[in-house]
Amino acid sequence: MSWQYTALALPTLFAMVVSILLGVYSLHHIRTNGRSPVLSAFFAVDIGLVLWTGFSALKLLHTDPAVKLAFYRALYLGVAPLGPLVFLFVLVHTDRVRKIRPRLLAVLLSLPFVFLVLLFTNPGGLTIQSTNVVTTADGLVILRVTVGPAHVVLQLLYNAILSIAAVGIILYEAFRLGRSYIQQAVLVSIGIAAPFVFAFCSSLGVPPFNPEGVNLVPTSAAVTALAIGIAIFRYRFLELPPLAYTTAMEASPDSVLVLGPNERIVHVNDRGADFLDRFGSEVGDFVTDVSPMLDPRTPHNDSVRVDNDDVPMFLSVRSQRLVRQNQVVGWVIVLRDVTELHRQKQVVLDQNEKLRLLNQIVRHDIRNDTAVVLGNARLVEEMVDDERARTRLETIIRNSEHTAELTETVRNLMKTMLEDEETSRATSIDGVLWDEATEVRDGNPNATVKLPDERPDATVLADDMLGTVFRNLLTNAIRHNDTPEPTVRISVESRQDDVLVKIADNGPGIPDDRKHEVFGRGEKGFESPGTGLGLYLVDTIVSGYGGDVWVEDNAPRGSVFVVRFEKPESRRVELGRVALNQSESDSDRQPKRP
């Protein structure tokens, strides 16, 4: 065996070695991560490449014509089914697994089987019409084969049609889904098309191809193996289904980054590609090179700040592990630009800080000054005998009392609005209700406030603002009463999951079309045609407890304000249900092995 044979066989041997390494790599993935349609289809294609390149190299290295012819036939064990196998791989690669049915497999593989039978039997020269052994001037022994019509139709034409269809599908999907997938699709397409390009160049005699010399078409397998190998290691499409991810990804309004097990970015959607462009990064980079704040192993409970050319950008970061057989094979990171939301949040925080300052002013300065004015007015009232002066003083006192009451209401409302933490706790209702009813009754001698005969043993979810709720409802029932002797009846009903407190009056009642508006609900807020800030405050506080407040008609006249409070045990049951549902939802979202 001369060095010329070895030199000619080197490209084919290289292709065989690359194909074997890719096969070992895919077998390792099957053992590590389990069998998947992508791995199975690729492994079948790789077996075809190994058989083709291996027997092609042996044909080149042997000089005996009979042995060369035997290896020529044997190499078609890999070449004949390669077109159908590549087509099936592309179907899986582009998420068309459902189209692969047993009938389709039988149809695709039947023609290669028929061709192989004819190749080894060669009835009437259907596949091989003649063979000719030629010895070149360099002493190389070349086997020239004149193929028959069955070879042209069942082998060349059939594989060409399937390969063209495969390239068309993969390029269509790549251009449909965006630029992030064009590179890998082009690589795979080059690998599929290489044998046909080499064959076309050989038929035309394009240098270095020579139809009268050694057949260089088998060396195209080196291009095929190399292109697919680069696609595998550059884009990791054996570790993560490549184009299959993208249908959902492209529909997402967020930037989606798919990482491999080594935390390299292997896939992105269009918005993800735009995001990477902003940071001068691309697919294949480590995600932490884009920003250390995007580490998928770090939990993010709030937005994170990433800087791009000293311009701050705030992102909501959500990451999800991809697990197969209890092993992490990658991550999906979803990024949402919340820079504007963060700005608005800062505005709200600044406004809250100003509200806290205003609350301090209301609680101390205005409240104290009003108390001083009211106290001095009452002292002066005792000292003045002039009727006209006393009338003016009564107006001052009355308005000062209203200002003091309004200041207290605003103070309580701002306290409710600015409360940062959950303050609801198990609170006994009877002591607070009795105290507020007694205070309102003492302050309104002409009114009658009737409490239940027995104190109810009821505990609700509330806080220190519970007294404000009852005080405002009782005061409202008396103040807006049009009878000489306002009467208010209080009742408490303890049910299985909640407690109803009803405050009924004998006033003028509230029309149905205003029962919702009296609480200041809806778009108008403070400007609604309600009865004042008191009922708006009641609605705000009770809603914060998880309860409700509404108005019903009283008989024969008047209104009934009904407040529904949750019981502590009902909240615990509900939280338990939420936790259980969340656990089941997380379990459902756990990635399954493909």
Subject >> Lys/Arg N to Asp/Glu carboxylate O, R425 vs D464, below 4.0 Å >> reply: yes
Original post:
Of all heavy-atom pairs between P296 and S319, which one has the smallest distance, and what is that distance?
Top reply: O-OG, 3.2 Å
**OP:** Kindly indicate whether the side chain of D254, heavy atoms from C-beta on, has any atom under 4.5 Å from the side chain of D337.
**Re:** no
**OP:** Starting from the C-alpha separation in whole Å, work towards a yes-or-no answer on side-chain contact (heavy atoms from CB on, under 4.5 Å) for L257 and V332.
**Re:** CA-CA 6 Å; L257 313 180; V332 174; over 6 Å; no
Subject >> Heavy-atom side-chain proximity of V549 to F519 below 4.5 angstrom >> reply: yes
Original post:
Nearest heavy-atom pair of Y545 and E566: which atoms, and what distance?
Top reply: O-OE1, 4.1 Å
Subject >> Close side-chain approach of V256 to L335, heavy-atom, < 4.5 Å >> reply: no
Original post:
To the nearest 0.5 Å, what is the distance between CD (E263) and CG (D285)?
Top reply: 13.5 Å
Original post:
Out of curiosity, L105 CG to L88 CG, how far, rounded to the nearest 0.5 Å?
Top reply: 5.5 Å
**OP:** Please report the shortest heavy-atom distance between P195 and I192, naming the atom on each side.
**Re:** CD-O, 3.4 Å
**OP:** Report the distance from atom OG of S189 to atom CD1 of I169, rounding to the nearest 0.5 Å.
**Re:** 11.0 Å
Original post:
Just wondering, do P84 and N159 contact through their side chains at under 4.5 Å, heavy atoms?
Top reply: yes
Original post:
Between the side chain of R305 and the main-chain N/O of L315, is any donor-acceptor distance below 3.5 Å?
Top reply: no
Original post:
What heavy-atom pair brings G23 and F43 nearest, and what distance separates the two atoms?
Top reply: O-CE1, 3.7 Å
Original post:
Looking only at heavy atoms, what is the nearest atom pair of L276 and V283, with distance?
Top reply: CD1-N, 4.0 Å
Original post:
Rounded to the nearest 0.5 Å, what separation is found between the CG atom of D46 and the CG atom of L51?
Top reply: 9.5 Å
Original post:
So, do H151 and Y158 have ring centers that fall under 6.0 Å from each other?
Top reply: no
**OP:** Starting from the C-alpha separation in whole Å, work towards a yes-or-no answer on side-chain contact (heavy atoms from CB on, under 4.5 Å) for D274 and R278.
**Re:** CA-CA 6 Å; D274 293 337; R278 294 177 64 178; 5.7 Å; no
Original post:
Considering only heavy atoms from C-beta outward, does the side chain of V306 approach that of F279 to under 4.5 Å?
Top reply: yes
Subject >> SB check K567 D498 (cutoff 4.0 Å) >> reply: no
Subject >> Audit row: Y76, Q155, side-chain contact (heavy atoms from CB on, under 4.5 Å) steps and yes/no >> reply: CA-CA 9 Å; Y76 280 98; Q155 170 57 32; 4.0 Å; yes
Original post:
F113 versus L154: any side-chain heavy-atom pair under 4.5 Å?
Top reply: no
Original post:
Checking side-chain contact (heavy atoms from CB on, under 4.5 Å) against I333, which of L259, D295, V268, V258 comes through?
Top reply: L259
Subject >> side-chain contact (heavy atoms from CB on, under 4.5 Å) assessment of L75 paired with T53 >> reply: CA-CA 7 Å; L75 68 87; T53 54; over 6 Å; no
Original post:
Does the side chain of F565 come within less than 4.5 Å of L461's, by heavy atoms?
Top reply: no
Original post:
How long is the span from the OG1 atom in T339 to the CD atom in Q344, to the nearest 0.5 Å?
Top reply: 11.0 Å
Subject >> Student check: side-chain heavy atoms of W52 and S19 closer than 4.5 Å >> reply: no
Original post:
To the nearest 0.5 Å, how far apart are CD1 in I47 and CD1 in I20?
Top reply: 9.5 Å
Original post:
Does S543 use its side chain to pair, donor to acceptor, with the backbone of T540 at less than 3.5 Å?
Top reply: no
Original post:
Minimum heavy-atom separation for G544 to S424, with atom names?
Top reply: O-OG, 4.0 Å
Original post:
Would you say the side-chain atoms of S163 pair up with the backbone N or O of A160, donor to acceptor, closer than 3.5 Å?
Top reply: no
